[in-house]
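Take a look at the structure below.
Index from 1, following the sequence.
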Amino acid sequence: MVRSLAQWTKTLSFPARISPHKSKEAAAVSPLITPTPSNQSLSVQSSDTMMNSNCASLTEVSHIYASEDPDSEKAIMSSVVYCIHHKDGCKWSDELRKLKGHLNTCKHDALPCTSKCGAQIPRVLMEDHLKYTCPQRRTRCEFCAKEFSGHGLESHAGHCGAEPLYCENKCGVKMPRRLLSQHKAGDCAKRLLPCRCCGKEFVADTLAAHHVKCGRMPVPCPNRCDATALAREELDAHLKDACAVSVHGCSFKDAGCRFKGARPAMERHLADAGQQHLQMMCGLVAKQQQQIASLKGALARLSLNCSGTLIWKVSDFGAKIAEAKGKEGMELVSPPFYTSQYGYRLQASLFPNGNGAGEDSHLSVYIKILPGEYDALLRWPFAHSVSFTLFDQCGTPEKACNIVESFIPDPTWKNFQRPSKEPDSLGFGFPKFVSHDTLRRRHFLRDDVLFIRVKVDPSKIVAV
């Protein structure tokens with residue numbers, strides 16, 4: 001039967017005195033003790049309590065049983081047990097009587113530190129403790145080689161002047177701690193330094209580049225005038241307004257004056273050449289007017305409608321028709337448009353209060369041919385069909401009821417011949433294009449605006 005030492009100490013009783021007469025009876029009723037062969041083992045479970053009192057317990061048990069029951073004592077002491085440190089990794093197991101001797105050499109058994117620091121250290125860790133962690137050890141700093149105790153070395157660490165450290169400014173330099181402050185204050189390429197001119201701070205290795213463009217850096221006048229210590233940012237103003245030897249061009253140089261001279265000479269020139277400058281300015285204005293006219297013509301050509309279709313928006317129609325009723329023959333004309341890029345130049349006209357047979361009752365529309373840039377290249381007379389469309393602005397294209405009128409030119413009529421000048425005649429069209437009553441019935445007029453489309457169809461040409 002295998003029992004732990006804790007079980008034995010709980011189940012065995014140790015009477016204070018046993019009479020000789022009752023020794024056999026005591027042996028007969030000896031509680032729970034049964035002699036076992038010597039090869040039977042007894043497992044003793046380790047615990048912290050057992051570690052502290054194992055030697056005393058073994059001595060006491062051995063003494064009691066030696067005096068009262070030698071056979072039981074022999075059986076117990078012959079039992080096979082594990083080392084009390086078997087949970088810490090000790091593999092030893094043997095008879096109980098050998099446990100005390102094993103503990104004297106067991107590497108897992110705790111011993112007082114030999115340097116008398118007061119710590120209980122397992123024998124296997126004693127060497128490392130004495131070398132690295134014992135507060136009473138003697139050791140040397142790896143940087144300055146001075147000898148310290150364990151506590152002293154911990155206080156010394158992080159303050160050793162010989163310990164090499166990298167500069168905190170990240171300049172890449174590594175040096176002993178005692179020299180680091182001096183390096184950061186006077187030698188570090190990444191330390192901050194103020195510019196002596198503007199006072200702003202810069203990294204030391206960029207300060208030279210800043211001085212090249214610093215606005216407050218003193219620079220000499222390039223004309224070597226009497227001015228000294230000019231700030232770089234003030235140099236342009238000095239050369240322009242204050243430098244006595246700086247050569248300038250005449251302020252009328254854009255008009256053609258080529259005079260150049262120092263400031264005193266320039267003042268005399270401006271006073272003496274006033275009439276000449278006035279003539280130059282007049283010539284410049286005339287030239288600029290020509291350029292403006294040319295640009296306007298180019299802009300007008302770019303904005304020309306060359307599609308052969310004109311969408312004419314007539315705004316404020318109510319005011320215009322009211323004006324037409326009080327002013328006989330009032331005519332509105334559209335912007336000119338071309339049938340193609342190099343085609344005929346046309347213009348539409350509109351009489352809000354009518355013209356001819358439609359006067360006072362209808363809207364009259366006409367088309368007239370204007371002189372164009374490419375008339376010499378075109379076929380005459382004009383022979384393309386022309387259509388007028390008044391859009392119904394009902395909002396639904398499917399329900400819209402547009403008014404469309406078209407005609408094919410009569411080649412014998414003089415208004416369709418090549419024009420030599422702006423025509424005075426009406427052109428050709430429809431004096432009764434749409435009545436005023438019809439304009440009001442549907443949505444031809446909305447927001448006081450109407451839209452008329454004039455379209456020239458180049459595919460429909462009358463034979464001439």
Side-chain angles (χ1 to χ4, degrees), residues 1-138 150-151:
M1 182 173 68
V2 179
R3 294 184 182 179
S4 67
L5 184 59
Q7 289 174 314
W8 278 106
T9 56
K10 288 181 180 179
T11 56
L12 290 177
S13 61
F14 305 101
R17 183 184 301 170
I18 301 178
S19 65
H21 301 287
K22 296 182 180 180
S23 60
K24 292 184 180 181
E25 182 181 355
V29 298
S30 180
L32 304 178
I33 302 298
T34 303
T36 59
S38 61
N39 60 350
Q40 285 182 328
S41 63
L42 178 66
S43 175
V44 180
Q45 304 297 326
S46 64
S47 65
D48 293 340
T49 304
M50 290 169 60
M51 289 176 63
N52 296 330
S53 60
N54 61 79
C55 294
S57 300
L58 291 175
T59 302
E60 183 180 355
V61 171
S62 176
H63 173 74
I64 293 174
Y65 281 91
S67 61
E68 298 184 3
D69 195 343
D71 293 335
S72 297
E73 187 268 342
K74 182 178 180 181
I76 291 173
M77 299 305 290
S78 299
S79 300
V80 177
V81 295
Y82 294 107
C83 175
I84 62 175
H85 301 297
H86 78 280
K87 289 186 177 180
D88 298 325
C90 183
K91 303 294 185 181
W92 182 90
S93 64
D94 207 336
E95 293 181 348
L96 180 60
R97 66 172 54 88
K98 299 179 181 180
L99 177 60
K100 184 176 180 180
H102 165 70
L103 292 176
N104 291 331
T105 60
C106 180
K107 63 182 181 179
H108 296 283
D109 196 40
L111 298 176
C113 172
T114 57
S115 295
K116 299 180 181 180
C117 70
Q120 294 286 330
I121 308 299
R123 188 178 280 106
V124 69
L125 301 177
M126 185 65 73
E127 182 178 356
D128 288 345
H129 169 72
L130 293 175
K131 188 174 181 180
Y132 299 110
T133 61
C134 180
Q136 300 300 325
R137 73 189 186 278
R138 301 299 296 176
H151 282 306

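In this structure, CZ in Arg97 is found 7.0 Å from CD in Glu73, a value given to the nearest 0.5 Å. Interatomic distance, Ser93 OG to Leu99 CG, rounded to the nearest 0.5 Å: 11.0 Å. Distance check: Met77 CE to Ser72 OG gives 13.0 Å after rounding to the nearest 0.5 Å.
With sequence neighbours excluded, the residues satisfying side chain to side chain donor-acceptor pair (under 3.5 Å) with His129 are Thr133. Residues passing the side-chain contact (heavy atoms from CB on, under 4.5 Å) test with Pro122 are Val124, Leu125, sequence neighbours excluded.
The minimum heavy-atom distance linking Val81 with Leu96 is given by the pair CG2-CA, 3.9 Å.
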